[in-house]
Visitor: 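Before I ask anything, here is the structure I am working with.
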Amino acid sequence: VLEIGAFAAGTLERLAGSVGRCIVRSGFAGTVVADFNADDCYGDGYTHTDGYRWTLGLPKIYDRSGNNHPPAVFGAGSNQPLWLPWDGIPSVYLPGVTGNYVSCPDAAPLDITGDIEIVTRVAMASWLPGFNWSFVAKWNTGGNQAYALQCAATTGRLRLYLSTTGYDLPFAESTVAPTVSDGSALWVKATFRLSDRRTRFFTAPDQAAEPTTWTQLGSDVTHTATSIWAGSAAIEIGTVNAGTSSALTGGGYRAIVRN
């Protein structure tokens with residue numbers, strides 16, 4: 001077995017440090033017979049494109065925060081940290097669990113009471129969730145409900161909530177659901193024009209930058225809301241009600257709110 005950082009099955013001459021790359025060639029500048037690249041590695045190892053597998057033995061997650069937690073061994077138990085593969089695309093992992101979300105404290109520019117546009121790039125584990133999953137929201141109980149863009153339970157249609165009093169729940173829903181595979185990312189947009197309450201929903205194929213070309217999802221809808229409550233709730237990504245409800249399972253890449 002070819003080893004890196006030790007020999008005799010990891011029992012002797014163990015290296016203290018790190019290895020970023022290791023290449024073995026047959027002959028000078030000859031055929032590559034083994035190539036280890038740490039950039040491609042996560043969890044307990046990875047399979048090279050040539051078919052052989054690099055195994056990391058017993059990789060651990062080490063606490064460098066100063067809190068002195070013992071190293072967590074990958075796969076040692078159900079409560080151990082989850083290894084997530086790096087696919088080269090920055091995102092926030094949302095496990096669909098209460099308290100797991102991204103938020104931004106309330107500020108005057110977020111208190112939109114007229115025309116509004118909400119844009120997000122998101123991947124959902126299921127685009128037909130069993131309950132409403134929230135993309136972007138400024139929505140909390142106790143009179144602080146303002147606006148929320150969600151995916152509706154069972155139908156998968158996009159839904160835009162706009163509260164007029166901070167307590168009521170008026171919403172408009174797309175006439176059709178997006179066509180997208182579970183786990184795949186999609187750009188989603190909702191717009192509301194206060195003058196005639198026209199509400200539109202759009203989608204665009206996944207890409208790194210915000211799209212300049214969108215496809216309207218179904219037809220125009222007239223919202224029942226006649227205004228938008230300002231409130232003092234924080235903006236949340238992946239939940240509503242301060243992380244306690246409508247928890248999305250998937251990944252969040254981008255969220256934009258425009259006045």
Side-chain angles (χ1 to χ4, degrees), residues 94 110-139 145-231 233 235-240 245-259:
L94 299 168
L110 304 178
D111 298 337
I112 301 170
T113 57
D115 298 350
I116 188 172
E117 176 180 286
I118 303 175
V119 179
T120 184
R121 180 190 181 198
V122 62
M124 299 208 302
S126 172
W127 283 89
L128 291 174
F131 56 89
N132 289 4
W133 282 0
S134 186
F135 299 135
V136 184
K138 187 176 186 292
W139 195 273
Q145 297 168 174
Y147 48 83
L149 177 59
Q150 299 188 345
C151 182
T154 68
T155 66
R157 295 184 179 185
L158 304 184
R159 182 177 289 184
L160 180 63
Y161 285 91
L162 299 174
S163 180
T164 61
T165 65
Y167 294 93
D168 58 347
L169 304 172
F171 67 86
E173 189 172 280
S174 63
T175 56
V176 295
T179 301
V180 58
S181 301
D182 291 347
S184 296
L186 187 71
W187 282 91
V188 171
K189 178 167 70 174
T191 64
F192 169 76
R193 188 170 65 189
L194 180 61
S195 60
D196 57 0
R197 295 176 288 148
R198 186 192 70 184
T199 305
R200 288 177 170 175
F201 299 91
F202 303 86
T203 62
D206 186 47
Q207 60 186 60
E210 182 183 3
T212 56
T213 301
W214 295 81
T215 299
Q216 185 169 352
L217 190 62
S219 54
D220 292 1
V221 181
T222 300
H223 211 292
T224 57
T226 56
S227 62
I228 305 176
W229 184 255
I235 282 196
E236 302 175 44
I237 299 172
T239 57
V240 296
S245 304
S246 301
L248 183 152
T249 301
Y253 301 86
R254 188 85 181 268
I256 305 167
V257 179
R258 293 186 172 99
N259 186 350

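Here, residue 1 is the first one in the sequence, and each next residue gets the next number. Just so you know, these numbers come straight off a predicted model, no measurement behind them.
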Visitor: Apply side-chain hydrogen bond (donor to acceptor under 3.5 Å, both in side chains) to S245 and list each qualifying residue two or more places apart in sequence or on a separate chain.
Guide: N241
Visitor: Donor-acceptor pair, distance only, cut-off 3.5 Å: does the side chain of D168 make one with the backbone of S163?
Guide: no
Visitor: Hey, are the side chains of L186 and P178 touching, using non-hydrogen atoms and a 4.5 Å cut-off?
Guide: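 Heavy-atom side-chain distance check passes, below 4.5 Å.
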Visitor: Look at atom OH of Y167 and say whether more than 12 heavy atoms of other residues, nucleotides or ligands are closer to it than 6.0 Å.
Guide: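 12 or below, so no.
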Visitor: Could you list the residues that satisfy salt bridge (charged side-chain N to carboxylate O under 4.0 Å, His left out) with R254, not counting sequence neighbours?
Guide: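 With sequence neighbours excluded, R254 shows a salt bridge (charged side-chain N to carboxylate O under 4.0 Å, His left out) to no residue whatsoever.
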Visitor: Please give me the minimum heavy-atom distance between C151 and F135, naming the atom from each residue.
Guide: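 Answer, listing the atom of C151 first, then F135: CB-CZ, 3.7 Å.
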Visitor: Would you mind telling me which of R200, E117, R198, R197 makes a side chain to side chain contact (heavy atoms under 4.5 Å, CB included) with F192?
Guide: R197
Visitor: Show the nearest heavy-atom pair for residues P211 and A204, with the distance to one decimal.
Guide: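 What the structure gives for the nearest pair is CG-CB, 3.6 Å.
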Visitor: For a quick test of reading the model, state the closest non-hydrogen atom pair linking G250 to L248 and the distance between them.
Guide: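 Closest pair (atom of G250, atom of L248, distance): N-CD2, 3.6 Å.
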Visitor: Test of understanding: with side chain to side chain contact (heavy atoms under 4.5 Å, CB included), list the residues that count as partners of T175, not counting sequence neighbours.
Guide: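 Only S219, V221 meet the side chain to side chain contact (heavy atoms under 4.5 Å, CB included) criterion with T175.
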Visitor: Ignoring hydrogens and geometry, is there a side-chain-to-backbone donor-acceptor pair from T164 to T226 under 3.5 Å?
Guide: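 Answer holds: no.
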Visitor: Checking F202 now: which residues fulfil ring-ring contact (aromatic ring centres under 6.0 Å, His included) with it, not counting sequence neighbours?
Guide: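 Scan of F202 (ring-ring contact (aromatic ring centres under 6.0 Å, His included), adjacent residues dropped) gives none.
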Visitor: Counting only heavy atoms not in W229 (residues, nucleotides, ligands), do more than 12 fall under 6.0 Å from its CH2?
Guide: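 At most 12 heavy atoms, drawn from other residues, nucleotides or ligands, come within 6.0 Å of this atom.
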Visitor: Does anything in residues 169-179 form a salt bridge (charged side-chain N to carboxylate O under 4.0 Å, His left out)? List the pairs, not counting sequence neighbours.
Guide: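 For residues 169-179, and leaving out neighbouring residues, the salt bridge (charged side-chain N to carboxylate O under 4.0 Å, His left out) pairs sorted by first residue read R159-E173.
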Visitor: Applying side-chain hydrogen bond (donor to acceptor under 3.5 Å, both in side chains) as the test, list every pair that has at least one member in residues 205-214; sequence neighbours left out.
Guide: R121-D206, E210-R258
Visitor: With sequence neighbours left out, what residues match I237 under side chain to side chain contact (heavy atoms under 4.5 Å, CB included)?
Guide: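 Listed in chain order: V102, A255.
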Visitor: Name all pairs fulfilling the side-chain hydrogen bond (donor to acceptor under 3.5 Å, both in side chains) condition that reach into residues 180-193, sequence neighbours left out, sorted by first residue then second.
Guide: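 Non-adjacent pairs meeting side-chain hydrogen bond (donor to acceptor under 3.5 Å, both in side chains): R193-D196.
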Visitor: OH of Y147 to CD1 of I118: how many Å apart, nearest 0.5 Å?
Guide: 6.5 Å
Visitor: Among residues at least two apart in sequence or on other chains, which ones pass side chain to side chain contact (heavy atoms under 4.5 Å, CB included) with A230?
Guide: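 Counting only residues at least two positions away or on another chain, A230 forms a side chain to side chain contact (heavy atoms under 4.5 Å, CB included) with D111, T113.
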Visitor: Quick check for you: to the nearest 0.5 Å, what is the distance between T120 atom OG1 and I256 atom CD1?
Guide: 8.5 Å
Visitor: Distance from N259 atom CG to D115 atom CG, nearest 0.5 Å?
Guide: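 So the CG of N259 and the CG of D115 are separated by 8.0 Å.
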Visitor: If you look at every heavy atom in P170 and T224, which pair is closest and at what distance?
Guide: CB-OG1, 3.2 Å
Visitor: Test of understanding: with side chain to side chain contact (heavy atoms under 4.5 Å, CB included), list the residues that count as partners of A190, not counting sequence neighbours.
Guide: L149, L160, F201
Visitor: Locate the shortest heavy-atom distance separating V240 from S246; write the atom from each residue and the value.
Guide: CG2-OG, 3.8 Å
Visitor: Provide the closest heavy-atom pair for A177 versus L217 in the form atom of the first, atom of the second, distance.
Guide: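 What the structure gives for the nearest pair is O-CD1, 3.8 Å.
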Visitor: Restricting to side-chain hydrogen bond (donor to acceptor under 3.5 Å, both in side chains), what partner residues turn up for T239, sequence neighbours left out?
Guide: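 For T239 the side-chain hydrogen bond (donor to acceptor under 3.5 Å, both in side chains) partners, ignoring immediate neighbours, are E236.
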Visitor: Look up atom CG in L169 and atom CG in L162, then write down how far apart they are to the nearest 0.5 Å.
Guide: 11.5 Å
Visitor: Decide yes or no on side chain to side chain contact (heavy atoms under 4.5 Å, CB included) for K138 and V257, but give the supporting numbers first.
Guide: CA-CA 10 Å; K138 187 176 186 292; V257 179; over 6 Å; no
Visitor: Residues two or more places apart in sequence or in another chain: which of them pass ring-ring contact (aromatic ring centres under 6.0 Å, His included) with Y161?
Guide: W139, F171
